[in-house]
Amino acid sequence: MNKYLVIILGPTGIGKTSMAIKVAQHFKTEIISSDSRQIYKETSIGTAVPSEDELKQVVHHQIATRSVKDYYNASMFEQEVLLITADLFKKHNAIIMVGGSGLYIDAVCKGIDELPDVDIELRNDLTKELKEKGIESIRAKLKKIDPVYYEQVDLKNPKRILKALEISIMTGKPYSSQLTSPKRERPFMILKIGLNMDRELLYSRINKRVDIMVSEGLEQEARDLYPLKDYNALNTVGYKEFFDYFENKHSKETAIELIKRNTRRYARRQLTWFRRDKEIIWFEPDETQAIISQLENNILF
RNA sequence: GGUGCCAUAGCUCAGUAGGUAGAGCAACGGACUGAAAAUCCGUGUGUCCUUGGUUCGAUUCCGAGUGGCACCA
């Protein structure tokens, strides 16, 4: 097998976009984004999608293909990327995938279990129950319908409980019995390149990037999207803080400070996720040549 | 130059009637299979400015030094 998916990953703000472009140009190939928010067409400033200019340099996939109003999830991402790669591998031996959404990356690399897409009405009902009767109520339901999962789930995390309940109710079978931890065979090899740097430097880059987003018009972008604020896709750093400002919950300055803080925390969570993946080969974001050499040594053309 | 006040966590500050210290924010660690930039769990990280003295024992009391602030010259 001589097809390679090269995944460039790392925390937000580290410089993945420009690295991916350099690597893609070197190998004369295309880029797939593995970013759960850049996939939405309305959120370009706040999610730091590549610039017009960058998009011209290399063909990008999975950017601005959906509306924030569309329901989307990691499984759909997996399916779409597999189709895209199948197509691209006809012309290329290596494809670059770049992005920081750990779950999406894992879905492409390892696959996830076949489960039905969520029934929005059911989700709304359960969410309403959670809101009105509290977490105890949905916990009790889960204990009855899937006692196995009840024992292992984080009982303080409503989303986990809701997910298991939704699937169990929809399929009539306990959620836990449908989790088989698949290790899907892929018709290509995977190479993971991680970018990381000194934490303080990363944070100052993040802070600066937020200021740049604001100067590029993030406030207006958020204002335009305010009517859609209840869509999950807008439960996103950079937007929710502005929405609170629009509702006079805090000042604009506070909103900007919170965006910086929440972006920093997001970067930290990304690093926690990636740290346990021992397949990742780590580099500093300025080690372009070392990365290209690493890939040339690994990829058999 | 004189007088007064202050010096404790990364920041703002509390506190210990002498028994090595805590809040908020920030930060750090972790979990995570279809909402994942989401959601959830956990953690004080400290020469209490330095140095003499008193004391069984000083971050705390006293002296000196250093730095900062205010006022007076």
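Residue numbers start from 1 in every chain, and the chains themselves are labelled A, B, ... in the order their sequence lines are given, proteins ahead of strands.
- One interatomic measurement links the two molecules: CE of A:Met170 to P of B:G34, which rounds to 13 Å at whole-angstrom precision.
- Looking at the side chain of A:Tyr203, the nearest of the listed nucleotides B:A26, B:C28, B:U39 is B:C28.
- Taking the P atoms as reference points, B:A9 lies 30 Å from B:G1, given to the whole Å.
- Counting any heavy atom pair closer than 4.0 Å across all strands shown, A:Asn262 reaches no nucleic acid atom.
- As a whole-Å value, the separation of A:Leu165 CG from B:G34 P is 14 Å.
- Residue whose closest nucleotide on RNA chain B sits further toward the 5' end, between A:Thr127 and A:Arg261: A:Arg261.
- Counting only heavy atoms from C-beta on, A:Asp154 has its side chain closest to B:C40 among B:C32, B:C28, B:C40.
- Not one side-chain nitrogen or oxygen of A:Arg160 sits closer than 4.0 Å to the OP1 or OP2 atom of B:U33.
- A donor and an acceptor atom, one from each side chain of A:Glu241 and A:Tyr245, are nowhere located under 3.5 Å apart.
- Rounded to whole Å, the C1' atom of B:G57 lies 8 Å from the corresponding atom of B:G18.
- OP1 or OP2 of B:C28 sits under 4.0 Å from a side-chain N or O of A:Arg199.
- Taking atom CD1 of A:Ile161 as the reference point, atom P of B:G34 lies 14 Å away to the nearest angstrom.
- If you check every strand for non-hydrogen atoms under 4.0 Å, A:Thr47 touches a base.
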side-chain hydrogen bond (donor to acceptor under 3.5 Å, both in side chains) between A:Tyr104 and A:Asp106, worked out: CA-CA 5 Å; A:Tyr104 282 32; A:Asp106 280 357; over 6 Å; no

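- Within 4.0 Å (heavy atoms only), A:Thr180 reaches at least one base atom of the nucleic acid.
- Residues from residues 97-125 of chain A with heavy atoms under 4.0 angstrom of RNA chain B, sorted by number: A:Ser101, A:Leu103, A:Tyr104, A:Ile112, A:Asp113, A:Glu114, A:Leu115, A:Asp117, A:Arg123.
- The closest side-chain donor-acceptor pair between A:Arg209 and A:Thr263, if any, does not fall under 3.5 angstrom.
- Nearest heavy atoms, A:Gly13 versus A:Arg205: O-NE, 2.9 Å.
- Between the CG atom of A:Leu271 and the P atom of B:C32 there is a distance of 17 Å, rounded to whole Å.
- Within 6.0 Å of atom CD in A:Glu200, 12 or fewer heavy atoms from other residues, nucleotides or ligands are found, so the atom counts as exposed in its surroundings.
- When all heavy atoms of A:Phe242 and A:Ala222 are compared, the pair lying nearest together is CB-CB, 3.7 Å.
- Regarding A:Asn207, its CG atom lies at a distance of 12 Å from the C1' atom of B:A26, rounded to whole Å.
- Remark: the A:Glu42 side chain and the A:Tyr231 side chain contain no N/O donor-acceptor pair separated by less than 3.5 Å.
- Proximity of A:Arg264 to the phosphate of B:A26: no side-chain N or O atom is located under 4.0 Å from OP1 or OP2.
- Ionic pairing of A:Arg223 and A:Glu219 is present here: one or more N-O contacts between side-chain nitrogen and carboxylate oxygen are shorter than 4.0 angstrom.
- Between the side chains of A:Gln178 and A:Thr171, at least one donor N or O sits under 3.5 Å from an acceptor N or O.
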Step-by-step salt bridge (charged side-chain N to carboxylate O under 4.0 Å, His left out) determination, A:Arg160 to A:Glu166: CA-CA 10 Å; A:Arg160 297 278 141 73; A:Glu166 284 164 5; over 6 Å; no

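- One P atom belongs to B:G24, the other to B:A31, and the distance between them is 26 Å to the nearest Å.
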Strand RNA chain B as a dot-bracket string - pairs counted if Watson-Crick or G-U with both distances under 3.5 Å, | where the partner lies in another strand: (((((((..((((.....[..)))).(((((.......))))).....(((((..]....)))))))))))).

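- Rounded to whole Å, the C1' atom of B:A58 lies 13 Å from the corresponding atom of B:G52.
- With its glycosidic angle more than 90° from 0, B:G63 is assigned anti.
- The shortest distance between side-chain heavy atoms of A:Tyr150 and A:Arg139 falls below 4.5 Å.
- Protein atom NZ of A:Lys156 is 17 Å distant from nucleotide atom P of B:U39, rounded to whole Å.
- Among the nucleotides B:G34, B:A27, B:C32, the one closest to the side chain of A:Lys163 is B:G34.
- A:Arg276 comes within 4.0 angstrom of a nucleotide base, judged by non-hydrogen atoms across all strands.
- Only the P atoms considered, B:G68 is 14 Å distant from B:U8, to the nearest whole Å.
- Applying the ring pair (Phe, Tyr, Trp, His ring centres under 6.0 Å) criterion to A:Phe89, with sequence neighbours excluded, gives A:Phe188.
- For A:Arg265, taking side-chain heavy atoms from C-beta onward, the closest of the listed nucleotides B:G34, B:A26, B:C40 is B:A26.
- Within residues 130-141 of chain A, no residue has any heavy atom under 4.0 Å from RNA chain B.
- Pairing each heavy atom of A:Ile39 with each of A:Phe77, the nearest pair is CD1-CD1, 4.3 Å.
- Judged by distance alone, the side chains of A:Asn196 and A:Glu284 never bring a donor and an acceptor atom under 3.5 Å apart.
- Looking only at atom types and distance, the side chain of A:Asn73 has a donor-acceptor partner in the side chain of A:Tyr71 under 3.5 Å away.
- Within 4.0 Å (heavy atoms only), A:Tyr71 reaches sugar-phosphate atoms of the nucleic acid but no base atom.
- In terms of phosphate contacts, A:Tyr175 brings a side-chain nitrogen or oxygen within less than 4.0 Å of OP1 or OP2 of B:G34.
- Partners of A:Tyr149 by ring pair (Phe, Tyr, Trp, His ring centres under 6.0 Å), not counting sequence neighbours, listed by chain and number: A:Tyr175.
- Between B:G2 and B:C61, the distance separating the two C1' atoms is 26 Å to the nearest Å.
- Rounded to a whole Å, the CD1 atom of A:Ile39 is 14 Å from the C1' atom of B:A35.
- Taking atom P in both B:A23 and B:U45, the straight-line distance is 13 Å, to the nearest Å.
- Across B:G22 and B:G44, the matching P atoms stand 10 Å from one another, rounded to whole Å.
- Counting any heavy atom pair closer than 4.0 Å across all strands shown, A:Arg268 reaches a base atom.
- When heavy atoms are screened at a 4.0 angstrom cut-off, A:Leu162 is found touching base atoms of the nucleic acid.
- Among the protein residues, A:Arg269 comes within range of the nucleic acid bases, having at least one heavy atom under 4.0 Å from a base atom.
- With hydrogens and angles ignored, a donor-acceptor pair under 3.5 angstrom links the side chain of A:Ser181 to the base of B:U33.
- Distance A:Gln38 CD to B:A36 P: 14 Å, rounded to the nearest Å.
- Taking 4.0 Å as the cut-off between side-chain N and carboxylate O, A:Glu136 and A:Lys143 do not count as a salt-bridged pair.
- Taking 4.0 Å as the cut-off between side-chain N and carboxylate O, A:Lys16 and A:Asp35 do not count as a salt-bridged pair.
- In the region residues 211-239 of chain A, proximity to RNA chain B at under 4.0 angstrom, judged on heavy atoms, holds for A:Asn232, A:Asn235, A:Thr236, A:Val237.
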